[in-house]
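Chain letters run A, B, ... following the sequence lines, proteins first, then strands; residues in each count from 1. Owing to the predicted nature of the structure, the values given are computational and were not obtained by experimental measurement. Note that these values count all heavy atoms, side chains included, but never hydrogens, waters or copies made by symmetry.
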Amino acid sequence: MSFILVLGGARSGKSRHAEALTARHPAPWAYLATAEAWDDEMRARIAEHRARRDARWETLDAPLDLPAALAAAGSRPALVDCLTLWLTNLMLGGHDIPAATVALQAALDARAAPTVLVANEVGLGIVPENALARRFRDAAGRLNQDLAARAASVHFIAAGLPLVLKGEP
Amino acid sequence: MSFILVLGGARSGKSRHAEALTARHPAPWAYLATAEAWDDEMRARIAEHRARRDARWETLDAPLDLPAALAAAGSRPALVDCLTLWLTNLMLGGHDIPAATVALQAALDARAAPTVLVANEVGLGIVPENALARRFRDAAGRLNQDLAARAASVHFIAAGLPLVLKGEP
Amino acid sequence: MSFILVLGGARSGKSRHAEALTARHPAPWAYLATAEAWDDEMRARIAEHRARRDARWETLDAPLDLPAALAAAGSRPALVDCLTLWLTNLMLGGHDIPAATVALQAALDARAAPTVLVANEVGLGIVPENALARRFRDAAGRLNQDLAARAASVHFIAAGLPLVLKGEP
(Lines give C-alpha, C1' and ligand atoms only; values in the text may rest on other atoms or scores of the structure.)
Protein backbone atom coordinates (compact mmCIF):
# COMPACT_ATOMS: atom_id res chain seq x y z
CA MET A 1 0.00 0.00 0.00
CA SER A 2 1.14 3.56 -0.64
CA PHE A 3 2.92 5.64 1.98
CA ILE A 4 3.44 9.32 2.83
CA LEU A 5 6.92 10.75 3.49
CA VAL A 6 7.19 13.70 5.92
CA LEU A 7 10.52 15.56 5.65
CA GLY A 8 11.77 18.39 7.82
CA GLY A 9 14.52 19.81 9.98
CA ALA A 10 15.11 19.45 13.70
CA ARG A 11 12.17 20.78 15.76
CA SER A 12 10.22 21.58 12.62
CA GLY A 13 7.00 19.97 13.85
CA LYS A 14 7.37 16.98 11.48
CA SER A 15 6.43 14.36 14.11
CA ARG A 16 3.28 16.22 15.10
CA HIS A 17 2.29 16.61 11.44
CA ALA A 18 2.94 12.90 10.79
CA GLU A 19 0.82 11.93 13.82
CA ALA A 20 -2.05 14.02 12.47
CA LEU A 21 -1.73 12.34 9.03
CA THR A 22 -1.80 8.89 10.65
CA ALA A 23 -4.80 9.85 12.80
CA ARG A 24 -6.87 10.50 9.65
CA HIS A 25 -7.30 6.69 9.66
CA PRO A 26 -9.22 4.78 12.35
CA ALA A 27 -7.34 3.87 15.56
CA PRO A 28 -5.54 1.88 16.91
CA TRP A 29 -2.31 3.09 15.36
CA ALA A 30 1.17 1.57 15.50
CA TYR A 31 4.02 3.89 16.43
CA LEU A 32 7.32 2.43 15.18
CA ALA A 33 10.02 4.05 17.27
CA THR A 34 13.56 3.90 15.90
CA ALA A 35 15.18 5.99 18.67
CA GLU A 36 17.45 4.31 21.19
CA ALA A 37 17.73 5.89 24.65
CA TRP A 38 21.54 5.86 24.78
CA ASP A 39 21.86 9.08 26.84
CA ASP A 40 19.77 11.47 28.97
CA GLU A 41 19.20 13.91 26.11
CA MET A 42 17.68 11.15 23.94
CA ARG A 43 15.69 9.74 26.89
CA ALA A 44 14.11 13.19 27.45
CA ARG A 45 13.27 13.53 23.75
CA ILE A 46 11.65 10.06 23.63
CA ALA A 47 9.66 10.76 26.82
CA GLU A 48 8.39 14.06 25.40
CA HIS A 49 7.17 12.38 22.17
CA ARG A 50 5.61 9.50 24.12
CA ALA A 51 3.73 11.87 26.48
CA ARG A 52 1.99 13.41 23.46
CA ARG A 53 0.54 10.09 22.29
CA ASP A 54 -2.58 8.65 23.94
CA ALA A 55 -3.61 5.01 24.52
CA ARG A 56 -4.74 4.57 20.90
CA TRP A 57 -1.07 4.42 19.92
CA GLU A 58 0.81 1.18 20.41
CA THR A 59 4.57 1.64 20.45
CA LEU A 60 6.81 -0.93 18.73
CA ASP A 61 10.56 -0.46 19.15
CA ALA A 62 12.38 -0.78 15.85
CA PRO A 63 15.92 0.59 16.17
CA LEU A 64 17.26 -1.85 13.52
CA ASP A 65 14.68 -4.32 12.21
CA LEU A 66 12.19 -1.85 10.84
CA PRO A 67 10.92 -4.24 8.12
CA ALA A 68 9.88 -6.77 10.82
CA ALA A 69 8.15 -4.02 12.84
CA LEU A 70 6.23 -2.87 9.73
CA ALA A 71 5.04 -6.45 9.26
CA ALA A 72 4.14 -6.71 12.98
CA ALA A 73 2.03 -3.55 12.74
CA GLY A 74 -0.28 -5.62 10.53
CA SER A 75 -3.53 -3.93 9.54
CA ARG A 76 -3.03 -0.91 11.81
CA PRO A 77 -2.05 2.43 10.26
CA ALA A 78 1.63 2.87 11.13
CA LEU A 79 3.90 5.84 11.78
CA VAL A 80 7.69 5.41 11.53
CA ASP A 81 9.52 8.08 13.56
CA CYS A 82 12.09 8.38 12.21
CA LEU A 83 14.02 6.95 9.28
CA THR A 84 17.05 9.12 9.95
CA LEU A 85 17.62 7.64 13.42
CA TRP A 86 17.13 4.18 11.93
CA LEU A 87 19.84 4.99 9.37
CA THR A 88 22.08 6.28 12.18
CA ASN A 89 21.63 3.01 14.09
CA LEU A 90 22.42 0.98 10.94
CA MET A 91 25.58 2.98 10.21
CA LEU A 92 26.85 2.90 13.79
CA GLY A 93 26.23 -0.87 13.84
CA GLY A 94 28.11 -1.42 10.58
CA HIS A 95 25.05 -2.81 8.74
CA ASP A 96 24.62 -2.97 4.95
CA ILE A 97 22.64 0.18 4.08
CA PRO A 98 21.65 -0.69 0.46
CA ALA A 99 20.40 -4.13 1.59
CA ALA A 100 18.46 -2.56 4.48
CA THR A 101 16.91 -0.02 2.10
CA VAL A 102 15.73 -2.78 -0.25
CA ALA A 103 14.23 -4.70 2.70
CA LEU A 104 12.47 -1.54 3.89
CA GLN A 105 10.96 -0.93 0.46
CA ALA A 106 9.74 -4.54 0.28
CA ALA A 107 8.17 -4.22 3.73
CA LEU A 108 6.43 -1.01 2.68
CA ASP A 109 5.14 -2.63 -0.51
CA ALA A 110 3.78 -5.56 1.52
CA ARG A 111 1.78 -3.35 3.92
CA ALA A 112 -2.03 -3.60 3.68
CA ALA A 113 -2.60 -0.47 5.80
CA PRO A 114 -1.44 3.16 5.44
CA THR A 115 2.08 4.12 6.52
CA VAL A 116 3.55 7.54 7.33
CA LEU A 117 7.35 7.88 7.36
CA VAL A 118 9.20 10.73 9.09
CA ALA A 119 12.71 11.68 7.93
CA ASN A 120 15.14 14.52 8.60
CA GLU A 121 16.50 16.77 5.90
CA VAL A 122 20.15 17.21 6.92
CA GLY A 123 21.90 18.45 3.78
CA LEU A 124 21.18 22.19 3.87
CA GLY A 125 24.02 23.33 6.11
CA ILE A 126 27.76 23.76 5.57
CA VAL A 127 29.72 20.60 4.57
CA PRO A 128 30.60 18.86 7.88
CA GLU A 129 34.31 18.68 8.76
CA ASN A 130 33.81 15.15 10.10
CA ALA A 131 34.09 12.43 7.40
CA LEU A 132 31.55 10.15 9.11
CA ALA A 133 29.05 13.04 9.21
CA ARG A 134 29.60 13.57 5.46
CA ARG A 135 28.97 9.87 4.75
CA PHE A 136 25.87 9.96 6.93
CA ARG A 137 24.61 13.07 5.13
CA ASP A 138 25.06 11.35 1.78
CA ALA A 139 23.29 8.18 2.94
CA ALA A 140 20.39 10.16 4.44
CA GLY A 141 19.97 12.17 1.25
CA ARG A 142 19.97 9.00 -0.88
CA LEU A 143 17.43 7.29 1.37
CA ASN A 144 15.15 10.36 1.26
CA GLN A 145 15.37 10.46 -2.55
CA ASP A 146 14.65 6.72 -2.89
CA LEU A 147 11.59 6.93 -0.66
CA ALA A 148 10.32 10.22 -2.09
CA ALA A 149 10.34 8.64 -5.57
CA ARG A 150 8.04 5.82 -4.35
CA ALA A 151 5.86 7.82 -1.92
CA ALA A 152 2.28 8.74 -2.84
CA SER A 153 2.79 12.12 -1.13
CA VAL A 154 5.79 14.01 0.22
CA HIS A 155 5.36 16.89 2.68
CA PHE A 156 8.19 19.23 3.71
CA ILE A 157 7.62 20.84 7.13
CA ALA A 158 9.07 24.20 8.24
CA ALA A 159 8.02 25.89 11.49
CA GLY A 160 5.16 23.41 11.79
CA LEU A 161 3.73 24.31 8.37
CA PRO A 162 3.53 21.72 5.58
CA LEU A 163 4.57 22.32 2.00
CA VAL A 164 3.39 19.67 -0.47
CA LEU A 165 6.31 18.54 -2.67
CA LYS A 166 4.34 15.69 -4.25
CA GLY A 167 0.83 14.21 -4.10
CA GLU A 168 -1.98 15.34 -1.81
CA PRO A 169 -1.98 17.68 1.24
CA MET B 1 -2.66 43.14 15.62
CA SER B 2 -1.53 40.36 13.34
CA PHE B 3 2.09 39.85 12.35
CA ILE B 4 4.09 38.30 9.48
CA LEU B 5 6.93 35.83 10.12
CA VAL B 6 9.82 35.76 7.61
CA LEU B 7 11.96 32.61 7.87
CA GLY B 8 15.15 31.84 6.03
CA GLY B 9 18.75 30.73 6.16
CA ALA B 10 21.90 32.81 6.49
CA ARG B 11 22.28 35.33 3.63
CA SER B 12 18.98 34.25 2.13
CA GLY B 13 17.72 37.82 1.65
CA LYS B 14 15.22 37.53 4.51
CA SER B 15 16.02 40.99 6.00
CA ARG B 16 15.59 42.69 2.66
CA HIS B 17 12.28 40.91 2.07
CA ALA B 18 11.07 41.83 5.57
CA GLU B 19 12.03 45.48 5.00
CA ALA B 20 9.95 45.50 1.80
CA LEU B 21 6.96 43.97 3.66
CA THR B 22 7.22 46.64 6.39
CA ALA B 23 7.52 49.41 3.78
CA ARG B 24 4.10 48.47 2.36
CA HIS B 25 2.79 50.54 5.30
CA PRO B 26 3.30 54.31 5.64
CA ALA B 27 6.60 55.52 7.18
CA PRO B 28 8.07 56.16 9.71
CA TRP B 29 9.00 52.57 10.56
CA ALA B 30 10.58 51.17 13.71
CA TYR B 31 13.56 48.84 13.24
CA LEU B 32 13.97 46.67 16.36
CA ALA B 33 17.58 45.48 16.30
CA THR B 34 18.40 42.48 18.46
CA ALA B 35 22.05 42.16 17.37
CA GLU B 36 24.81 43.05 19.81
CA ALA B 37 28.12 44.26 18.37
CA TRP B 38 30.34 41.95 20.44
CA ASP B 39 33.02 41.50 17.75
CA ASP B 40 34.21 43.02 14.47
CA GLU B 41 32.35 40.49 12.33
CA MET B 42 29.04 41.40 13.98
CA ARG B 43 29.84 45.13 13.85
CA ALA B 44 30.39 44.87 10.07
CA ARG B 45 27.12 42.97 9.61
CA ILE B 46 25.16 45.53 11.66
CA ALA B 47 26.75 48.43 9.74
CA GLU B 48 25.87 46.82 6.41
CA HIS B 49 22.19 46.40 7.39
CA ARG B 50 22.04 49.94 8.82
CA ALA B 51 23.53 51.48 5.63
CA ARG B 52 20.65 49.96 3.64
CA ARG B 53 17.99 51.73 5.71
CA ASP B 54 17.15 55.41 5.09
CA ALA B 55 16.00 58.12 7.54
CA ARG B 56 12.42 56.83 7.55
CA TRP B 57 13.63 53.96 9.77
CA GLU B 58 14.13 54.60 13.48
CA THR B 59 16.37 52.01 15.12
CA LEU B 60 15.54 50.75 18.61
CA ASP B 61 18.07 48.41 20.23
CA ALA B 62 16.38 45.38 21.74
CA PRO B 63 18.98 42.70 22.50
CA LEU B 64 16.95 41.37 25.47
CA ASP B 65 13.79 43.35 26.25
CA LEU B 66 12.05 42.93 22.93
CA PRO B 67 8.53 43.19 24.47
CA ALA B 68 9.37 46.68 25.80
CA ALA B 69 10.76 47.74 22.40
CA LEU B 70 7.59 46.50 20.65
CA ALA B 71 5.55 48.64 23.03
CA ALA B 72 7.89 51.63 22.47
CA ALA B 73 7.44 51.33 18.70
CA GLY B 74 3.85 52.42 19.34
CA SER B 75 1.77 53.07 16.25
CA ARG B 76 4.68 52.73 13.82
CA PRO B 77 4.95 49.59 11.67
CA ALA B 78 7.77 47.58 13.23
CA LEU B 79 10.38 45.16 11.93
CA VAL B 80 12.15 42.79 14.36
CA ASP B 81 15.51 41.64 12.97
CA CYS B 82 15.96 39.03 14.20
CA LEU B 83 14.31 36.67 16.69
CA THR B 84 17.12 34.14 16.46
CA LEU B 85 19.73 36.62 17.73
CA TRP B 86 17.32 37.64 20.50
CA LEU B 87 17.04 33.97 21.48
CA THR B 88 20.84 33.67 21.40
CA ASN B 89 21.17 36.67 23.74
CA LEU B 90 18.56 35.19 26.11
CA MET B 91 20.30 31.79 26.19
CA LEU B 92 23.79 33.23 26.69
CA GLY B 93 22.41 35.43 29.51
CA GLY B 94 20.73 32.47 31.22
CA HIS B 95 17.21 33.92 30.88
CA ASP B 96 13.95 31.94 31.09
CA ILE B 97 13.06 31.18 27.45
CA PRO B 98 9.45 30.00 27.92
CA ALA B 99 8.66 33.10 30.03
CA ALA B 100 10.29 35.37 27.45
CA THR B 101 8.30 33.70 24.66
CA VAL B 102 5.03 34.30 26.52
CA ALA B 103 5.96 37.96 27.08
CA LEU B 104 6.83 38.33 23.38
CA GLN B 105 3.48 36.90 22.32
CA ALA B 106 1.63 39.25 24.71
CA ALA B 107 3.57 42.22 23.31
CA LEU B 108 2.70 41.17 19.74
CA ASP B 109 -0.99 40.78 20.66
CA ALA B 110 -0.96 44.26 22.22
CA ARG B 111 0.43 45.98 19.10
CA ALA B 112 -1.91 48.37 17.26
CA ALA B 113 0.32 48.55 14.16
CA PRO B 114 1.71 45.90 11.78
CA THR B 115 4.76 43.89 12.79
CA VAL B 116 7.17 41.84 10.67
CA LEU B 117 9.39 39.29 12.45
CA VAL B 118 12.57 37.84 10.92
CA ALA B 119 13.86 34.45 12.12
CA ASN B 120 16.52 31.99 11.03
CA GLU B 121 15.79 28.42 10.10
CA VAL B 122 18.73 26.51 11.65
CA GLY B 123 17.56 22.89 11.79
CA LEU B 124 18.30 21.65 8.27
CA GLY B 125 21.95 20.68 8.69
CA ILE B 126 23.70 17.80 10.40
CA VAL B 127 23.11 17.41 14.18
CA PRO B 128 25.70 19.70 15.84
CA GLU B 129 28.40 17.98 17.92
CA ASN B 130 28.18 20.77 20.50
CA ALA B 131 25.44 20.22 23.15
CA LEU B 132 24.74 23.96 23.55
CA ALA B 133 24.25 24.23 19.77
CA ARG B 134 21.76 21.35 19.91
CA ARG B 135 19.81 23.03 22.73
CA PHE B 136 19.84 26.30 20.79
CA ARG B 137 18.62 24.54 17.64
CA ASP B 138 15.74 23.00 19.60
CA ALA B 139 14.79 26.33 21.20
CA ALA B 140 14.93 28.15 17.85
CA GLY B 141 12.74 25.51 16.21
CA ARG B 142 10.19 25.70 19.03
CA LEU B 143 10.07 29.50 18.89
CA ASN B 144 9.58 29.42 15.11
CA GLN B 145 6.75 26.90 15.44
CA ASP B 146 5.03 28.91 18.21
CA LEU B 147 5.16 32.12 16.19
CA ALA B 148 4.25 30.50 12.86
CA ALA B 149 1.09 29.09 14.47
CA ARG B 150 0.00 32.63 15.48
CA ALA B 151 1.25 34.55 12.43
CA ALA B 152 -1.16 35.84 9.79
CA SER B 153 1.41 34.97 7.11
CA VAL B 154 4.66 33.01 7.04
CA HIS B 155 7.16 33.44 4.20
CA PHE B 156 10.18 31.18 3.71
CA ILE B 157 13.02 32.87 1.79
CA ALA B 158 15.63 31.06 -0.32
CA ALA B 159 18.09 32.92 -2.56
CA GLY B 160 16.05 36.09 -2.06
CA LEU B 161 12.83 34.48 -3.32
CA PRO B 162 9.80 34.10 -1.05
CA LEU B 163 7.72 30.97 -0.70
CA VAL B 164 4.39 31.45 1.08
CA LEU B 165 3.95 28.77 3.78
CA LYS B 166 0.83 30.41 5.21
CA GLY B 167 -1.41 33.42 4.53
CA GLU B 168 -0.82 36.06 1.88
CA PRO B 169 2.22 36.84 -0.32
CA MET C 1 20.33 34.11 -23.10
CA SER C 2 18.36 33.30 -19.99
CA PHE C 3 19.44 30.63 -17.53
CA ILE C 4 17.86 28.34 -14.92
CA LEU C 5 19.22 28.09 -11.36
CA VAL C 6 18.82 24.76 -9.54
CA LEU C 7 19.31 25.04 -5.77
CA GLY C 8 19.39 22.26 -3.20
CA GLY C 9 21.18 20.57 -0.36
CA ALA C 10 23.75 17.79 -0.42
CA ARG C 11 22.41 14.61 -2.08
CA SER C 12 19.12 16.31 -2.86
CA GLY C 13 19.05 15.13 -6.47
CA LYS C 14 19.85 18.59 -7.84
CA SER C 15 22.43 17.38 -10.39
CA ARG C 16 20.05 14.79 -11.80
CA HIS C 17 17.27 17.39 -12.06
CA ALA C 18 19.62 19.86 -13.76
CA GLU C 19 20.71 17.17 -16.25
CA ALA C 20 17.07 16.54 -17.13
CA LEU C 21 16.46 20.27 -17.63
CA THR C 22 19.48 20.52 -19.94
CA ALA C 23 18.38 17.44 -21.87
CA ARG C 24 15.12 19.16 -22.85
CA HIS C 25 17.29 20.83 -25.50
CA PRO C 26 18.90 18.95 -28.41
CA ALA C 27 22.26 17.21 -27.76
CA PRO C 28 25.24 17.53 -27.70
CA TRP C 29 25.42 19.16 -24.28
CA ALA C 30 28.37 20.73 -22.49
CA TYR C 31 28.98 19.67 -18.90
CA LEU C 32 31.05 22.32 -17.12
CA ALA C 33 32.65 20.57 -14.16
CA THR C 34 33.96 22.79 -11.37
CA ALA C 35 35.04 19.96 -9.05
CA GLU C 36 38.71 19.26 -8.50
CA ALA C 37 39.73 15.71 -7.59
CA TRP C 38 41.94 16.66 -4.62
CA ASP C 39 41.17 13.54 -2.57
CA ASP C 40 39.66 10.05 -2.92
CA GLU C 41 36.24 11.12 -1.63
CA MET C 42 35.98 13.80 -4.33
CA ARG C 43 37.36 11.45 -7.01
CA ALA C 44 34.63 8.93 -6.18
CA ARG C 45 31.93 11.60 -6.33
CA ILE C 46 33.18 12.89 -9.70
CA ALA C 47 33.37 9.34 -11.11
CA GLU C 48 29.80 8.62 -9.97
CA HIS C 49 28.45 11.74 -11.68
CA ARG C 50 30.47 11.05 -14.84
CA ALA C 51 29.21 7.45 -15.05
CA ARG C 52 25.64 8.75 -15.20
CA ARG C 53 26.32 10.87 -18.29
CA ASP C 54 26.41 9.29 -21.75
CA ALA C 55 28.43 10.23 -24.87
CA ARG C 56 26.14 13.13 -25.74
CA TRP C 57 27.73 15.06 -22.86
CA GLU C 58 31.10 16.72 -23.42
CA THR C 59 32.89 17.53 -20.18
CA LEU C 60 34.83 20.79 -19.86
CA ASP C 61 36.84 21.29 -16.68
CA ALA C 62 36.24 24.71 -15.15
CA PRO C 63 37.52 24.80 -11.58
CA LEU C 64 38.35 28.52 -11.79
CA ASP C 65 37.80 30.07 -15.24
CA LEU C 66 34.10 29.34 -15.56
CA PRO C 67 33.46 32.39 -17.81
CA ALA C 68 35.93 31.03 -20.39
CA ALA C 69 34.34 27.57 -20.24
CA LEU C 70 30.86 29.08 -20.77
CA ALA C 71 32.21 30.82 -23.87
CA ALA C 72 33.90 27.60 -25.05
CA ALA C 73 30.59 25.71 -24.74
CA GLY C 74 29.43 27.89 -27.65
CA SER C 75 26.04 27.00 -29.07
CA ARG C 76 25.64 23.81 -27.02
CA PRO C 77 23.22 23.82 -24.06
CA ALA C 78 25.44 23.92 -20.98
CA LEU C 79 25.16 22.62 -17.43
CA VAL C 80 27.39 24.09 -14.70
CA ASP C 81 27.82 21.65 -11.78
CA CYS C 82 28.31 23.37 -9.46
CA LEU C 83 28.69 27.03 -8.60
CA THR C 84 29.33 26.32 -4.93
CA LEU C 85 32.46 24.27 -5.68
CA TRP C 86 33.60 27.00 -8.09
CA LEU C 87 33.19 29.52 -5.23
CA THR C 88 35.13 27.20 -2.91
CA ASN C 89 37.98 27.01 -5.44
CA LEU C 90 38.01 30.81 -5.80
CA MET C 91 38.07 31.37 -2.03
CA LEU C 92 40.77 28.77 -1.37
CA GLY C 93 42.85 30.32 -4.17
CA GLY C 94 42.47 33.85 -2.77
CA HIS C 95 40.66 35.16 -5.86
CA ASP C 96 38.48 38.30 -6.00
CA ILE C 97 34.91 37.00 -5.55
CA PRO C 98 32.96 40.15 -6.56
CA ALA C 99 35.06 40.47 -9.76
CA ALA C 100 34.57 36.77 -10.57
CA THR C 101 30.80 37.12 -10.02
CA VAL C 102 30.63 40.06 -12.44
CA ALA C 103 32.62 38.08 -15.03
CA LEU C 104 30.29 35.10 -14.57
CA GLN C 105 27.22 37.25 -15.12
CA ALA C 106 28.73 38.77 -18.27
CA ALA C 107 29.53 35.28 -19.60
CA LEU C 108 25.96 34.15 -18.90
CA ASP C 109 24.53 37.23 -20.66
CA ALA C 110 26.75 36.53 -23.68
CA ARG C 111 25.55 32.93 -24.10
CA ALA C 112 23.49 32.17 -27.21
CA ALA C 113 22.34 28.75 -25.91
CA PRO C 114 20.48 27.68 -22.75
CA THR C 115 22.40 27.31 -19.49
CA VAL C 116 21.48 25.45 -16.30
CA LEU C 117 23.38 26.32 -13.11
CA VAL C 118 23.53 24.06 -10.03
CA ALA C 119 24.22 25.58 -6.61
CA ASN C 120 24.13 24.38 -3.01
CA GLU C 121 21.97 25.96 -0.35
CA VAL C 122 24.28 25.93 2.71
CA GLY C 123 22.74 28.48 5.09
CA LEU C 124 20.02 26.43 6.81
CA GLY C 125 22.09 24.83 9.57
CA ILE C 126 23.58 26.13 12.80
CA VAL C 127 26.12 29.01 12.48
CA PRO C 128 29.49 27.31 11.85
CA GLU C 129 32.13 27.69 14.58
CA ASN C 130 34.82 28.10 11.92
CA ALA C 131 35.24 31.73 10.69
CA LEU C 132 36.22 30.63 7.15
CA ALA C 133 33.05 28.51 6.96
CA ARG C 134 30.98 31.53 8.01
CA ARG C 135 32.60 33.69 5.31
CA PHE C 136 32.02 30.95 2.75
CA ARG C 137 28.37 30.63 3.82
CA ASP C 138 27.89 34.38 3.38
CA ALA C 139 29.57 34.39 -0.04
CA ALA C 140 27.53 31.39 -1.23
CA GLY C 141 24.29 33.02 -0.06
CA ARG C 142 25.15 36.27 -1.84
CA LEU C 143 26.05 34.47 -5.07
CA ASN C 144 22.79 32.48 -4.97
CA GLN C 145 20.77 35.68 -4.43
CA ASP C 146 22.57 37.51 -7.25
CA LEU C 147 21.97 34.68 -9.71
CA ALA C 148 18.39 33.98 -8.57
CA ALA C 149 17.52 37.63 -9.24
CA ARG C 150 18.71 37.27 -12.88
CA ALA C 151 17.55 33.71 -13.56
CA ALA C 152 14.51 33.02 -15.74
CA SER C 153 13.56 30.15 -13.40
CA VAL C 154 14.75 28.98 -9.99
CA HIS C 155 14.02 25.44 -8.76
CA PHE C 156 14.65 24.29 -5.19
CA ILE C 157 15.17 20.51 -4.92
CA ALA C 158 14.45 18.42 -1.82
CA ALA C 159 14.57 14.61 -1.85
CA GLY C 160 14.72 14.71 -5.66
CA LEU C 161 11.51 16.73 -5.96
CA PRO C 162 11.53 20.24 -7.47
CA LEU C 163 9.78 23.25 -5.99
CA VAL C 164 9.48 26.22 -8.34
CA LEU C 165 10.60 29.42 -6.56
CA LYS C 166 10.47 31.50 -9.75
CA GLY C 167 9.54 31.09 -13.41
CA GLU C 168 8.53 27.85 -15.10
CA PRO C 169 8.70 24.19 -13.93
Side-chain angles (χ1 to χ4, degrees), chain B residues 6-17 20 35 38-42 44-46 48-49 52 82 84-85 87-89 91-92 118-141 144 155-165 169, chain C residues 3-12 14 82-84 87 91 97-98 101 117-159 161-168:
Chain B
V6 177
L7 282 174
R11 293 284 163 185
S12 61
K14 59 190 185 309
S15 293
R16 198 182 291 268
H17 180 75
W38 62 74
D39 65 15
D40 287 348
E41 188 176 326
M42 196 50 102
R45 212 173 267 258
I46 291 172
E48 186 194 317
H49 274 214
R52 199 163 64 211
C82 74
T84 314
L85 280 174
L87 183 68
T88 304
N89 296 339
M91 283 187 76
L92 293 178
V118 175
N120 276 73
E121 171 57 56
V122 298
L124 289 160
I126 279 287
V127 178
E129 289 180 38
N130 178 324
L132 178 63
R134 287 198 300 276
R135 280 202 293 128
F136 172 71
R137 194 169 79 140
D138 283 355
N144 289 352
H155 297 182
F156 183 90
I157 313 296
L161 302 170
L163 193 70
V164 177
L165 292 180
Chain C
F3 61 89
I4 302 177
L5 177 64
V6 177
L7 282 174
R11 293 284 165 185
S12 61
K14 58 192 186 307
C82 74
L83 288 175
T84 315
L87 182 68
M91 282 187 76
I97 309 294
T101 303
L117 305 172
V118 175
N120 276 72
E121 171 57 56
V122 298
L124 289 160
I126 279 287
V127 179
E129 290 180 38
N130 177 324
L132 178 63
R134 286 198 301 277
R135 280 201 292 127
F136 171 71
R137 196 169 76 140
D138 282 356
R142 268 196 218 98
L143 180 62
N144 289 351
Q145 281 189 56
D146 283 355
L147 291 168
R150 291 155 185 264
S153 300
V154 181
H155 297 181
F156 183 90
I157 312 295
L161 301 170
L163 194 69
V164 178
L165 292 180
K166 178 181 178 180
E168 300 298 316

Undergrad: Taking side chain as everything from C-beta outward and backbone as N, CA, C, O, which of these in C:Leu7 sits under 4.5 Å from a heavy atom of chain B? Side chain, backbone, both or neither.
TA: side chain
Undergrad: Please give me the minimum heavy-atom distance between B:Ala159 and C:Ala148, naming the atom from each residue.
TA: O-CB, 3.3 Å
Undergrad: For the CZ atom on B:Arg16, are there more than 12 heavy atoms of other groups (residues, nucleotides or ligands in this structure) within a distance under 6.0 Å?
TA: no
Undergrad: Quick check: closest heavy atoms across C:Gln145 and B:Arg11, and the distance to 0.1 Å?
TA: NE2-O, 3.0 Å
Undergrad: Measure C:Leu163 against the heavy atoms of chain B and call it side chain, backbone, both or neither at under 4.5 Å.
TA: side chain
Undergrad: In terms of heavy-atom contacts, does CD of B:Glu48 have more than 12 from other residues, nucleotides or ligands at under 6.0 Å?
TA: yes
Undergrad: At under 4.5 Å between heavy atoms, what parts of residues 123-131 of chain C are in contact with chain B? List them by residue number.
TA: C:Gly123, C:Leu124, C:Gly125, C:Ile126, C:Glu129
Undergrad: Between C:Leu165, C:Asn144, C:Asp138, who has the most heavy-atom pairs with chain B when the cutoff is under 4.5 Å?
TA: C:Asp138
